[in-house]
Amino acid sequence: MTTPEARVPVHLGPRSYDVVIGAGTLGALPVVISSALSGTPRRAILACDDGLPTETSATAERSLAAAGITALRFGLEASEEHKSLDQLAQLLAFLAAHRIERTEPLIALGGGIVGDLAGFAAATYRRGIPFIQCPTTLLSMVDASVGGKTGVNLPGPGKSLLKNMVGAFHQPRAVVIDVRALDSLPERSFRAGLAECVKHAMIGAECDDLSLGDWTANHLAAILIRDPATLTSLIARNVRIKATIVERDEREEQDQGGRALLNLGHTFAHAIETLPTLSPDANPGHAPLQHGEAVALGLLAAAATSEAAGHATSPQIAQTAALISTCGLPSRVAGLPPSTELLARMAHDKKVQGGKLRLILPVAPGRAAVFAGVPEPAITAGWDAIRA
Ligand SMILES: NC(=O)c1ccc[n+]([C@@H]2O[C@H](COP(=O)([O-])OP(=O)(O)OC[C@H]3O[C@@H](n4cnc5c(N)ncnc54)[C@H](O)[C@@H]3O)[C@@H](O)[C@H]2O)c1
């Protein structure tokens, strides 16, 4: 069965682009590239996640070759340790060795790590070359591939990493989402990607999509068996939310209502996702949490904080909790450190401005707002709500 394609435009003036979503869209990669670049390039660099099944990268290579585009493949290791200046330097050296010109596109095929790193290379090589995103995880399809944030991690104290500490805004010229690439994605990663969909549902009304949460809950069975048509609709609705917010605040400069809303749940998530012993299901073998699992817990902690601070109501929180657990995501976690330690970890987050922690909290169905100076007891109540 062929699935109808969806196309979501991202309106950013001269940096506008389309997100094309469907089953088999990698086969149309050259058509999308030629239209986005107003011409067919002779060559393209394919920065490819080495963890992908050969079939996915072969599909992209075959479609480029059939259109007469020579694909120069560069394999990337998709781990946070390798989302590094070293791997970036290797990719830049590869571009230079092949004398890539300013008109020749760099295509990222992989999850958010490959997209962020390859995007940063595209932003900086010769001060910028065209960039095409082909995301292959649910998280990168609904979130990371749209909006133009690129970057790598820096080494931090000890063995820690300073995540996304260097980077650039560099919008892609097109995003090509082939839902067939999700066939090989492990179940746990797929469910982790759904956490960002729950986040989008919690801010849907800010983008004129109040029914996304209900729609997701009603279609969850088809989503979990990865039905291509349902995935196409799910991804299109989520991309539309991300695009709407990015269109309002491309470089995250607004205090209220802008890109900061996309950090809902993330300040809590960042405080726990690097703790090595936390597990989503009490099985120590499943530690640490994946980013999406930490986001699911962070969304619930933010909701409980909001209730304790008098901004959200219990039915609203119950609805979020129900959606998170039907997605198969954790709603409680064992072994959380004491709240004082968690508060200290939150204070290190990038969202601290002028020494004040800024939190995004849900305030009504589909709505959230930015708060500075949330009382500590309310934040503690948020953490306590997700303790197993
Ligand atoms: N730029 C942004 O706006 C933005 C937004 C959110 C997250 N991010 C970044 O995204 C990164 C996380 O990305 P992610 O969750 O997409 O995953 P990832 O890139 O970390 O990949 C996770 C694993 O999945 C494998 N994989 C990818 N696609 C696969 C497929 N189709 N089949 C089988 N295996 C596959 C990879 O090889 C890797 O082992 C983080 O570094 C985060 O900082 C960026």
Side-chain angles (χ1 to χ4, degrees), residues 10 19 26 47-60 75-84 87-88 108-120 122-123 131 133-154 161-172 175 177-197 199-200 226 231 235 238-239 241-243 245-246 249-252 259-266 269-270 273-274 288-296 298 350:
V10 185
V19 181
L26 276 179
C48 213
D49 186 331
D50 272 340
L52 287 175
T54 323
E55 186 45 35
T56 305
S57 49
T59 303
L76 287 163
E77 188 156 335
S79 68
E80 290 295 340
E81 291 69 36
H82 289 91
K83 188 178 167 182
S84 62
Q87 197 167 214
L88 174 75
L109 181 67
I113 290 184
V114 165
D116 280 10
L117 187 148
F120 192 29
F131 179 45
Q133 285 268 29
C134 301
T136 61
T137 62
L138 184 58
L139 178 137
S140 58
M141 292 178 179
V142 298
D143 187 355
S145 62
V146 178
K149 279 192 182 179
T150 72
V152 296
N153 304 325
L154 286 184
L161 291 172
L162 301 171
K163 279 200 66 183
N164 303 323
M165 198 46 93
V166 284
F169 284 97
H170 189 59
Q171 296 292 345
V175 182
I177 298 179
D178 190 340
V179 297
R180 281 192 196 145
L182 292 175
D183 289 349
S184 56
L185 192 68
E187 182 68 14
R188 187 173 165 190
S189 302
F190 183 82
R191 289 177 187 263
L194 286 174
E196 301 292 353
C197 301
K199 176 192 80 179
H200 286 152
R226 308 192 195 183
L231 287 178
I235 294 163
N238 278 275
V239 166
I241 288 190
K242 174 109 192 222
I245 292 200
V246 169
D249 181 19
E250 187 182 357
R251 298 175 73 96
E252 201 165 341
R259 258 185 115 137
L261 287 181
L262 296 168
N263 292 320
L264 176 60
H266 282 61
H270 292 156
E273 68 185 328
T274 50
L289 296 172
Q290 289 200 0
H291 174 69
E293 292 162 349
V295 168
K350 278 183 285 181

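Atoms within a ligand are numbered from 1 in the order they appear, just like the ligands themselves. Here the structure is a predicted model, which means the values were calculated and not measured.
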May I ask you to identify the nearest protein heavy atom to [atom], giving residue, atom name and distance to one decimal place in Å?
{"atom": "atom 35 (C) of ligand 1", "answer": "L185 CD1, 3.8 Å"}
{"atom": "atom 7 (C) of ligand 1", "answer": "L139 CD2, 3.7 Å"}
{"atom": "atom 28 (N) of ligand 1", "answer": "T136 OG1, 2.8 Å"}
{"atom": "atom 16 (O) of ligand 1", "answer": "T137 OG1, 2.5 Å"}
{"atom": "atom 40 (C) of ligand 1", "answer": "E80 OE2, 3.2 Å"}
{"atom": "atom 36 (C) of ligand 1", "answer": "D49 OD2, 3.2 Å"}
{"atom": "atom 38 (C) of ligand 1", "answer": "A78 O, 3.8 Å"}
{"atom": "atom 44 (C) of ligand 1", "answer": "D116 OD2, 3.2 Å"}

For [X] and ligand 1, does the shortest N/O to N/O distance drop below 3.5 Å?
{"X": "G110", "result": "no"}
{"X": "D143", "result": "no"}
{"X": "G112", "result": "yes"}
{"X": "S184", "result": "yes"}
{"X": "L52", "result": "no"}

Are [X] and [Y] packed together at the side-chain level, in the sense that at least one heavy-atom pair is separated by less than 4.5 angstrom?
{"X": "C48", "Y": "L76", "result": "no"}
{"X": "E252", "Y": "N263", "result": "yes"}
{"X": "V142", "Y": "L194", "result": "no"}
{"X": "L185", "Y": "T136", "result": "no"}

Starting from the C-alpha separation in whole Å, work towards a yes-or-no answer on salt bridge (charged side-chain N to carboxylate O under 4.0 Å, His left out) for D143 and K242. CA-CA 7 Å; D143 187 355; K242 174 109 192 222; 2.7 Å; yes
Applying a strict 4.0 Å limit to heavy atoms, is H291 in contact with ligand 1?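 So H291 does not count as touching ligand 1.
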Apply the test side chain to side chain contact (heavy atoms under 4.5 Å, CB included) to residues V246 and Q171: give CA-CA distance (whole Å), side-chain angles for both, the deciding distance (0.1 Å), then the verdict. CA-CA 11 Å; V246 169; Q171 296 292 345; 4.2 Å; yes
Ignoring hydrogens, just give me the one of I113, N153, L117, L138 whose non-hydrogen atom is nearest atom 19 (O) of ligand 1. I113
Looking only at non-hydrogen atoms, which of A144, A192, S189 approaches atom 4 (C) of ligand 1 most closely?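 The residue whose heavy atom sits nearest atom 4 (C) of ligand 1 is A144.
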Shortest non-hydrogen separation from A123 to A168 and the atoms involved: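 Minimum heavy-atom contact is CB-CB, 4.0 Å.
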Identify whether the distance between the nearest side-chain nitrogen and carboxylate oxygen of D183 and R226 falls below 4.0 Å.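 No.
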Does any donor atom in the side chain of [X] or [Y] lie under 3.5 Å from an acceptor atom in the other side chain?
{"X": "K149", "Y": "N164", "result": "no"}
{"X": "E196", "Y": "N238", "result": "no"}
{"X": "E273", "Y": "H291", "result": "yes"}
{"X": "T137", "Y": "S140", "result": "yes"}

Where ligand 1 meets [X] - atom numbers and elements under 4.0 angstrom, heavy-atom basis:
{"X": "K149", "answer": "1 (N), 3 (O)"}
{"X": "K83", "answer": "9 (C), 40 (C), 41 (O), 42 (C), 43 (O)"}
{"X": "S140", "answer": "16 (O)"}
{"X": "K242", "answer": "3 (O)"}
{"X": "G51", "answer": "37 (O)"}
{"X": "N164", "answer": "43 (O)"}

Does some non-hydrogen atom of the protein lie less than 4.0 angstrom from atom 23 (C) of ligand 1? no
Would you give the length of the straight line joining atom CG of L117 to atom OG of S84, rounded to the nearest 0.5 angstrom? 7.0 Å
Would you mind telling me if ligand 1 is within reach of the side chain of K163, the backbone, both or neither, using heavy atoms under 4.0 Å?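 Only the side chain of K163 comes within reach of ligand 1.
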What part of D50, side chain, backbone, both or neither, has a heavy atom within less than 4.0 angstrom of ligand 1? neither
Check side-chain contact (heavy atoms from CB on, under 4.5 Å) between Q290 and all other residues, then give those that pass, not counting sequence neighbours. R188, S189, A192, E293
D178: side-chain hydrogen bond (donor to acceptor under 3.5 Å, both in side chains) partners, not counting sequence neighbours: none
